[in-house]
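First the structure, which I've put down as structure tokens, then a few questions once you've had a look.
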Amino acid sequence: MAKATGLSPAAVSYALRGMQVSEETIERVRRAAAELGYEADPIARALASGRTGMIGLLCGSLEDLWQQALAVGIGRALKDNDRYALILDAAGDPAREYTLARQLRDQRVDALIVQPVDPAAPLWAELCEGLPVVSIGDALAGARAAGEVVFDNRAGVTLALEHLRERGHRRLAVLTSTRASTPDRPADVHVMAEAGRLDLDIELVTAPHSPASATRVAGEMLDAGHRAFFCFADSIAYGVYAASAERGLVIPSEVSVMGYDDHPMSGLLTPGLTTVDWDIDGIVRAAVRMVVAAADGNPRRRRIVQAPQLRERGSVG
């Protein structure tokens, strides 16, 4: 390979791993490798480098369609960087998240990307001592993460609640996937703070991401007289659509609903779901860039704050 490219063996090795050389050199070496039919032996490379090429991706709940899209994007972007994603699902359970995070560390992944169910868990400080960790969504309290792509939840929540208030809604059902065991998630805390500022009557209720469970919880709230909903995931908002249809209630003339992550399906509903967009493509690029740098031993400890945008469609009357 060195002879074919006119580069030193070290430069070829770096280029094949996508590190410490220019993009032009990386492309030149990869093109030559393709022409020669060269494939690196992953076991030999792992033994030589001390790295497995595997990046753990621990999702909060893969029943959430937005998190599914995030996992697809991260998996593909890692592959483009000659890494492979080991994707696990915490299923919204802090205890399961704890177990899976430790298992990923013990399986010697090079680094970990997590969208935490419980960002305040003591686990993260322990884990970050020996493993590069990049968090998405919420910062890991008390932990020295290798990188953070955090959502400006204060701005996102304010956007949603002010939009509902401007449309005349004062009594809101807020559906969140957060369980009682993790009551300190920043977005949920800010909802209650904003409720006081905006003089809103808010009932905060746990609703799982799964369609059947979200529909059941939304139905219970509709039966209790609620007609305006703010959902902390578009997947949960789809449950409000389903429960409303089951009861013959029309969105938005009789029921108003907002989501929080702008899944592609949200624009296909009738009416389209008004929601908050966090720029999933930008999140994927930032998280992968951080985790690859950290896995290569070049962490920058960068913190990127994702700003929200309101995607107004037709679901708020």
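These figures come from a predicted structure and were not determined experimentally.
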Review point. Can you name the residues that form a side chain to side chain contact (heavy atoms under 4.5 Å, CB included) with Ala207, not counting sequence neighbours?
Key: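 Side chain to side chain contact (heavy atoms under 4.5 Å, CB included) check on Ala207 returns Leu175, Val217, Ile236.
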
**Study point:** Non-hydrogen side-chain atoms of Ile55 and Tyr84 separated by less than 4.5 Å
**Key:**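 No. Closest side-chain heavy atoms not under 4.5 Å.
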
Review point. Quick one: do Arg311 and Asp234 make a salt bridge, cutoff under 4.0 Å?
Key: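 Not counted as a salt bridge, because no side-chain N and carboxylate O are separated by less than 4.0 Å.
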
Exercise for review: Walk me through it: do Arg105 and Gln107 pass the test side-chain hydrogen bond (donor to acceptor under 3.5 Å, both in side chains)?
Suggested key: CA-CA 5 Å; Arg105 179 198 61 188; Gln107 289 176 11; over 6 Å; no

Practice item. Please name all residues satisfying salt bridge (Lys or Arg N to Asp or Glu O under 4.0 Å) with Arg167, sequence neighbours left out, ordered by chain then number. Key: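 Partners of Arg167 by the salt bridge (Lys or Arg N to Asp or Glu O under 4.0 Å) criterion, ordered by chain and then number, come out as Glu312.
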
Review point. Can you tell which of Asp82, Asn81, Asn298 makes a side chain to side chain contact (heavy atoms under 4.5 Å, CB included) with Val292?
Key: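 Testing each of Asp82, Asn81, Asn298 against Val292, the sole residue satisfying side chain to side chain contact (heavy atoms under 4.5 Å, CB included) is Asn81.
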
**Study point:** Any side-chain heavy-atom pair of Trp66 and Ile280 under 4.5 Å
**Key:**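 Yes, their side chains come closer than 4.5 Å.
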
**Study point:** Check ion pair Glu194-Arg197 (N to O, under 4.0 angstrom)
**Key:**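 Between Arg197 and Glu194 there is a salt bridge, with a charged N closer than 4.0 Å to a carboxylate O.
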
**Study point:** Distance-only side-chain donor-acceptor flag, Thr275 / His263, under 3.5 Å
**Key:**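 There is no such pair (donor and acceptor under 3.5 Å, judged by atom type) between the side chains of Thr275 and His263.
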
Review point. So Phe230 and Tyr260, would you call those rings parallel, tilted or perpendicular, with 30° and 60° as cut-offs?
Key: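 Plane angle over 60°, so perpendicular.
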
Review point. What pair of heavy atoms forms the shortest contact from Gly248 to Glu254, and how long is it?
Key: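 Looks like O-OE1, 3.8 Å.
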
Exercise for review: Kindly write out the residues that satisfy salt bridge (Lys or Arg N to Asp or Glu O under 4.0 Å) with Asp89, not counting sequence neighbours, or none if the list is empty.
Suggested key: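 By the salt bridge (Lys or Arg N to Asp or Glu O under 4.0 Å) rule, Asp89 matches no residue at all.
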
**Study point:** Val257 and Val316, any side-chain heavy atoms less than 4.5 Å apart
**Key:**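 No, side chains not in contact.
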
Check your understanding: Are any of the side-chain heavy atoms of Val134 and Val114 separated by less than 4.5 Å?
Key ->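 The answer is no, as the side chains (C-beta and beyond) never meet within the 4.5 Å cut-off.
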
Exercise for review: Check whether any side-chain heavy atom of Leu57 lies under 4.5 Å from a side-chain heavy atom of Leu70, and answer yes or no.
Suggested key: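 Leu57 does not reach Leu70 side chain to side chain.
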
Exercise for review: Check Ile136, Asn153, Val149 against Trp278 for a side chain to side chain contact (heavy atoms under 4.5 Å, CB included) and give me the one that passes.
Suggested key: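 So the option named by the test is Asn153.
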
Check your understanding: Just wondering, more than 12 heavy atoms not from Arg170 lying within 6.0 Å of its CZ?
Key ->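 For Arg170, atom CZ is crowded (more than 12 foreign heavy atoms under 6.0 Å).
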
**Study point:** Any Cys231 side-chain heavy atom under 4.5 Å of Tyr238 side chain
**Key:**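 They are not in contact (no side-chain heavy atoms under 4.5 Å apart), so the answer is no.
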
Exercise for review: Report yes or no: do Val205 and Val189 belong to one cluster of Ile/Leu/Val/Met/Phe/Trp/Tyr joined by side chain heavy-atom distances under 4.5 Å?
Suggested key: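 In one cluster: no.
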
Check your understanding: Under a single-linkage definition using a 4.5 Å side-chain heavy-atom cutoff for Ile, Leu, Val, Met, Phe, Trp and Tyr, are Val174 and Leu273 assigned to the same hydrophobic cluster?
Key ->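 No; tracing contacts between hydrophobic side chains, which count when under 4.5 Å, never links both residues.
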
Exercise for review: Identify the heavy atoms of Val288 and Ala77 that sit nearest to each other, and give their distance.
Suggested key: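 Reported closest heavy-atom pair: CG2-CB, 3.7 Å.
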
Practice item. Begin from the C-alpha positions of Ile113 and Leu58 and carry the test side chain to side chain contact (heavy atoms under 4.5 Å, CB included) through to its verdict. Key: CA-CA 6 Å; Ile113 299 174; Leu58 181 51; over 6 Å; no

Check your understanding: Any side-chain heavy-atom pair from Cys59 and Ile87 closer than 4.5 angstrom?
Key ->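 Yes, close enough: below the 4.5 Å cut-off.
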
Practice item. Consider only side-chain heavy atoms of I, L, V, M, F, W and Y, link residues closer than 4.5 Å, and tell whether Leu200 and Leu204 are in one cluster. Key: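 As far as the 4.5 Å side-chain criterion goes, Leu204 and Leu200 are connected within one cluster.
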
Point to revise | same_hphob_cluster(Leu127, Tyr98) at 4.5 Å side-chain heavy-atom cutoff | key: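 Shared cluster, yes.
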
Exercise for review: Count the heavy atoms belonging to other residues, nucleotides or ligands that lie under 6.0 Å from CZ of Arg302, then report whether that count exceeds 12.
Suggested key: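 No, CZ of Arg302 has 12 or fewer neighbouring heavy atoms, counting only those of other groups under 6.0 Å.
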
Review point. Do Leu104 and Leu86 pass the side chain to side chain contact (heavy atoms under 4.5 Å, CB included) test, and can you show the C-alpha distance, the side-chain angles, and the key distance before you say yes or no?
Key: CA-CA 8 Å; Leu104 284 167; Leu86 181 56; 3.6 Å; yes

Check your understanding: Do NZ/NE/NH1/NH2 and the carboxylate oxygens of Glu126 and Arg102 come within less than 4.0 Å?
Key ->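 A salt bridge is present here (some side-chain N lies under 4.0 Å from a carboxylate O).
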
**Study point:** pair Val191-Phe232: side-chain heavy atoms closer than 4.5 Å
**Key:**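 Sidechains of Phe232 and Val191: in contact.
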
Review point. Does atom CZ of Arg144 have more than 12 heavy-atom neighbours from other groups under 6.0 Å away?
Key: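 Atom CZ in Arg144 is not packed in, count stays at 12 or less.
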
Practice item. Would you check, one step at a time, whether the test side-chain hydrogen bond (donor to acceptor under 3.5 Å, both in side chains) holds for His169 with Ser256? Key: CA-CA 9 Å; His169 298 290; Ser256 291; 3.0 Å; yes

Practice item. Verify the cluster assignment for Leu198 and Val276: are they in a single hydrophobic cluster under the rule of side-chain heavy atoms below 4.5 Å apart? Key: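 Yes, Leu198 connects to Val276 through the hydrophobic network.
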
